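In this text, all values refer to a predicted model and were calculated from it rather than measured experimentally.
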Amino acid sequence: MSKQVEKPEWVHVAAAFEASGQTQREFAQQRGVRLSTLQSWVYRSRRAETARNEPVRLLPVQVATAPAASESVLEVVAASGARVRFAVGTDVAYVARLVAALGR
């Protein structure tokens with residue numbers, strides 16, 4: 001693939017890589033493409049796929065009274081009734097992913 005390759009074709013190349021079961025290096029060598037270019041398009045493809053598959057969901061919350069200063073544990077109750085307790089300062093993105101996974 002030494003000729004200039006257009007964007008739609010790279011989308012197909014990235015998809016072919018994902019289905020190949022090869023490492024990026026093996027795939028790039030077999031196809032005759034630059035490894036860095038393949039890596040870039042695979043990254044873009046994965047990022048776009050994640051954006052399409054994970055729509056933002058807003059969940060209703062109920063605000064309770066502020067915890068006493070000595071409390072260092074917070075709790076989230078999912079719609080399913082599952083309770084998740086975590087320490088103050090825990091990564092909010094991690095808690096959000098955990099609650100989303102429990103809701104599935």
Q: Identify which one of Asp91, Leu98, Val99 satisfies the side chain to side chain contact (heavy atoms under 4.5 Å, CB included) criterion when paired with Val95.
A: Val99

Q: For residues Arg34 and Gln39, determine if any side-chain heavy atom of one lies less than 4.5 Å from a side-chain heavy atom of the other.
A: no

Q: Using 30° and 60° as the class limits, which term best fits the ring planes of Trp41 and Trp10: parallel, tilted or perpendicular?
A: parallel

Q: May I ask you to test the Arg83-Val76 pair for a side-chain heavy-atom distance under 4.5 Å?
A: no

Q: If we only count heavy atoms from C-beta on, is the Arg44 to Val42 side-chain gap below 4.5 Å?
A: no

Q: Can you see which heavy atom on Arg31 is nearest to which on Val13, and at what distance?
A: NH1-CG2, 4.4 Å

Q: Working to the nearest 0.5 Å, report the span between OG of Ser40 and CG of Leu35.
A: 11.0 Å

Q: Can you find a heavy atom in the side chain of Phe86 that is under 4.5 Å from one in the side chain of Val73?
A: no

Q: Under a single-linkage definition using a 4.5 Å side-chain heavy-atom cutoff for Ile, Leu, Val, Met, Phe, Trp and Tyr, are Leu59 and Leu74 assigned to the same hydrophobic cluster?
A: yes

Q: Hey, quick one: are Val84 and Val88 part of the same hydrophobic cluster, counting side-chain heavy atoms closer than 4.5 Å, chains of contacts allowed?
A: yes

Q: Is the backbone N or O of Phe27 less than 3.5 Å from a side-chain atom of Gln30, with the two atoms forming a donor-acceptor pair by type?
A: no

Q: For Ser20 and Phe17, indicate whether the former's side chain and the latter's backbone hold a donor-acceptor pair under 3.5 Å.
A: yes

